[in-house]
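Counting convention: from 1, in listed order, for ligands and their atoms alike. Residues take their numbers from the sequence shown, with the count starting at 1.
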Amino acid sequence: MRILSGIQPSGSMHIGNYLGAVRQWVSSQNRDAYYCIVDLHALTLQIEPEKLREQTVDYLASLLAAGLDPEVCTLFVQSQVPYHAQMNWLLECVATYGELSRMTQFKEKSSRQEGYRVGLLTYPVLMAGDILLYSAEQVPVGDDQRQHLELTRQIAERFNNRFGVVFTVPVGVQPAASARVMDLQEPTRKMSKSLASPLGLIYLNDEPSEIDKKIKKAVTDTDNEVRVDWENKPGLTNLLEMFASFSGETPPRVAERYTRYGDLKKDLSELIIESLAPMQQRYRELRADEGALRALAAHGAHKAADVAGPLYHRAAAAMGL
Ligand code: AMP
Ligand code: TRP
């Protein structure tokens, strides 16, 4: 099964990224799976060059620590495979301004910034290129990327109709629980690197004491009944979903065992700390050898280019270049 997915090297990886996307990457990795750190996408944000360089290496270590095996799948950095930027231009001449300006994420992010970059608008086109360059059949992503994936499908179909069949039309895959992990302090908003509230996010590398504090302080409600109810109890339901994702149960099953919020929070905090500990240990070991991480990325970029290059040339030729 050909798979592709990507993650931005902005801020640090959090449990929303892990439960919504990266854990699926690990479980579905195979010789035909391509995972990229999308540093070109990160340029749509305000980000210091030195930070971007450093975080790109941090993300390599985090993804390996989470369980990606470079002997099995291909892990690479987007900007090291030049076809992504090239394909972006071809597809910008297929996508329309109207469809890009209707994207929810664009509307939200552009309303928060004055003089936002053109890249914020065209970002889903770059993402479509990432996917189509690898003829991906499946794209494991969190719920917030569904709309971008739908647009990718439209762009692929339009291209194929206009220029002949070059692209595979992909489908998005979401996990059963935790496809949208919510902010612990504002549970009607997704947990997000770009709107980080200090107590709202749990990072994969948080200390046990920080995790414990954040879970204990997570906003819930006052009626003290433990049940799954996104509408009336988003904070509590978010905790139940996280619990179920880590323990391998369903959220209602977890809810059945508890009558008190405090007990649920205590056990959840222990479960998260225990689940993240081996990854944190591996992260520290891997991050210590930056040379090895860079060599691994270079190797991944070569493997990725072997697939992306021919596809790019086919698309360019189909368009008359
Ligand atoms: P990003 O950090 O925006 O590059 O996202 C990387 C991956 O994590 C994408 O597949 C997102 O859909 C997923 N993701 C990001 N935030 C969340 C969240 N709060 N809950 C679930 N998945 C998420
Ligand atoms: N847009 C995605 C996000 O912000 C990241 C991304 C870029 C991606 N290219 C991709 C995800 C290709 C899946 C496939 O989360």
Any heavy atom of Met191 under 4.0 Å from ligand 1? The part involved is both
Taking N or O atoms only and a 3.5 Å limit, does Asp144 qualify as a polar contact for ligand 1? yes
Has Lys217 got more than 12 heavy atoms of other residues, nucleotides or ligands less than 6.0 Å from its NZ? no
What residue and atom, counting heavy atoms only, is the protein's closest point to atom 10 (O) of ligand 1, and at what distance? Gly142 N, 3.2 Å
With a 4.0 Å cut-off on N to O distance, would you call Arg53 and Glu50 a salt bridge? yes
Atom 22 (N) of ligand 1 [closest protein heavy-atom partner, distance rounded to 0.1 Å]: Gly16 O, 3.1 Å
For Asn17, counting its heavy atoms only, list the atoms of ligand 1 lying under 4.0 Å from any of them. 1 (P), 2 (O), 5 (O), 6 (C), 7 (C), 8 (O), 14 (N), 15 (C), 16 (N)
Part of Met182 with heavy atoms under 4.0 Å of ligand 1, whether side chain, backbone, both or neither: neither
Test item: side-chain donor near acceptor, Asn161 and Glu157, under 3.5 Å: no
Ligand-residue contact atoms, ligand 1 with Gln8, heavy atoms, under 4.0 Å: 4 (O)
Is the shortest side-chain N to carboxylate O distance from Glu270 to Lys266 below 4.0 Å? yes
Under the side chain to side chain contact (heavy atoms under 4.5 Å, CB included) test, residues paired with Arg180 that sit two or more places apart: Asp143, Asp144, Met182, Lys190
Residue pair Gln174 / Arg146, side-chain heavy-atom distance below 4.5 Å: yes
So which heavy atom in the protein is nearest atom 7 (C) of ligand 1, and how far is it from that ligand atom? Ala21 CB, 3.7 Å
With salt bridge (charged side-chain N to carboxylate O under 4.0 Å, His left out) as the criterion, how do Glu210 and Lys213 come out once you've worked through the C-alpha distance, each side chain's angles and the decisive distance to 0.1 Å? CA-CA 5 Å; Glu210 288 171 292; Lys213 182 167 90 188; over 6 Å; no
Part of Ser10 with heavy atoms under 4.0 Å of ligand 1, whether side chain, backbone, both or neither: neither
Among all protein heavy atoms, pick out the one at the shortest distance from atom 20 (N) of ligand 1; state its residue, atom name and that distance to 0.1 Å. Val181 N, 2.8 Å
Closer than 4.0 Å to some heavy atom of Gly20 - which atoms of ligand 1 meet that? 21 (C), 22 (N)
Flag Pro140 as yes when one of its N or O atoms lies below 3.5 Å from any N or O atom of ligand 1, and as no otherwise. no
Is the shortest N/O to N/O distance between Asp143 and ligand 1 below 3.5 Å? no
Gln86 versus Leu90: any side-chain heavy-atom pair under 4.5 Å? no
Is it the case that ligand 1 has an N or O less than 3.5 angstrom from some N or O of Lys190? no
Using a plain distance cutoff, I'd like to know if Gly6 has any nitrogen or oxygen under 3.5 Å from a nitrogen or oxygen of ligand 1. no
Return the set of residues passing salt bridge (Lys or Arg N to Asp or Glu O under 4.0 Å) with Asp267 (not counting sequence neighbours), or none when no residue passes. none
Write down, by chain and number, every protein residue that brings a non-hydrogen atom to less than 4.0 Å from an atom of ligand 2. Leu4, Ser5, Gly6, Gln8, Val38, His41, Tyr123, Met127, Asp130, Ile131, Val139, Val141, Gln145
Is Arg257 salt-bridged to Asp263, cutoff N-O under 4.0 Å? no
For His14, state whether at least one heavy atom is located under 4.0 Å from any atom of ligand 1. yes
Distance-only side-chain donor-acceptor flag, Asp69 / Gln29, under 3.5 Å: no
Do you see a donor-acceptor pair shorter than 3.5 Å between the side chains of Glu150 and Gln154? no
Any N or O of Gln145 that comes nearer than 3.5 Å to an N or O of ligand 1? no
Provide the number and element of each atom of ligand 1 under 4.0 Å from a heavy atom of Ala179. 20 (N), 21 (C), 22 (N)
N or O contact, Ile7 vs ligand 1, cut-off under 3.5 Å: no
Glu99/Arg158 ion pair, N-O < 4.0 Å: yes
Side-chain donor-acceptor pairs of residues 133-141 under 3.5 Å, sequence neighbours excluded:
unit_1 : atom_1 : unit_2 : atom_2 : d
Tyr134 : OH     : His84  : NE2    : 2.9
Glu137 : OE2    : Arg2   : N      : 2.8

pair Met103-Tyr123: side-chain heavy atoms closer than 4.5 Å: no
What do you reckon, does Val141 have a nitrogen or oxygen under 3.5 Å from a nitrogen or oxygen of ligand 1? no
Please tell me whether Asp221 and Tyr261 have a donor and an acceptor in their side chains that are separated by less than 3.5 angstrom. yes
